[in-house]
Amino acid sequence: MPKSTSYTALNLVATLDGLSVIGLFNGDNAIQVDQNADAGTGLVGVQGDSIFSQTADRSAAVTLRLMHTSPTHRQLIQKWKAQRAGRLVPFAFDHLDTASNEGGSGDQFYVQRAPSDTKGTNATVREWVIWTGDYTPNVPNM
């Protein structure tokens with residue numbers, strides 16, 4: 001018999017430098033993690049012998065989509081301004097779906113890209129990209 005499950009964003013918790021991430025923009029990708037490299041590369045020789053080379057690259061870029069009124073947006077602006085002034089101070093970030101245990105963390109993040117600042121009829125998303133060289137994903141529940 002098929003198993004039925006459910007999901008709610010109400011189970012999502014995230015912190016940035018010890019403070020709760022507040023003001024995520026509505027959407028299916030409010031927090032997005034992209035690994036910067038494949039886990040490895042396979043190579044097959046002319047006689048069919050093969051080898052797999054595992055990468056040591058554990059870096060990841062995390063995109064946070066925030067409302068312009070978000071305290072986290074303000075926090076990231078402050079970090080970005082400090083970086084631009086030459087103060088490269090890493091910060092921690094973690095996120096977790098408390099129901100499934102999906103998520104991950106790192107303690108050496110930097111601001112990679114600040115968002116566009118657009119104004120118009122409707123509110124728009126502020127898309128921040130933060131980067132770490134050592135991202136650790138959680139093992140989800142089964």
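Just so it is clear, the structure is predicted and the values come from calculations on it, not from any experiment. Just so it is clear, the values below take in all heavy atoms, side chains as well, and ignore hydrogens, waters and symmetry mates.
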| said: Does L88, at its CG atom, have more than 12 non-hydrogen atoms belonging to other residues, nucleotides or ligands within less than 6.0 Å? | reply: yes

| query | Can you tell me if CG on N26 sees more than 12 non-hydrogen neighbours from other groups inside 6.0 Å? | reply | no

Calculate, to the nearest 0.5 Å, the distance between atoms [atom1] and [atom2] belonging to [X] and [Y] respectively.
X	Y	atom1	atom2	result
H95	N138	NE2	CG	7.5 Å
R58	D134	CZ	CG	4.0 Å
I22	H73	CD1	NE2	14.5 Å
T72	D17	OG1	CG	11.0 Å
R87	K79	CZ	NZ	11.0 Å
N11	D97	CG	CG	5.0 Å

| remark: Connected to L16, directly or through other members, by ILVMFWY side-chain contacts below 4.5 Å are L12, V21, L24, I31, V33, V62, L64, L66, L76, I77, W80, F91, F93, F109, V111, W128, I130, Y135

| message | Side chains of D117 and R126, heavy atoms from C-beta outward: is any pair under 4.5 Å? | response | yes

| task | Decide yes or no for F52 and Q54: does some side-chain heavy atom of the first lie under 4.5 Å from some side-chain heavy atom of the second? | result | yes

| task | Would you please name every residue forming a side-chain contact (heavy atoms from CB on, under 4.5 Å) with V13, sequence neighbours left out? | result | L96, T98

| note | Tightest non-hydrogen contact, residues P90 and Q108, listed as CG-OE1, 3.5 Å

| message | With salt bridge (charged side-chain N to carboxylate O under 4.0 Å, His left out) as the rule and sequence neighbours excluded, what pairs involving residues 36-45 come up? | response | none

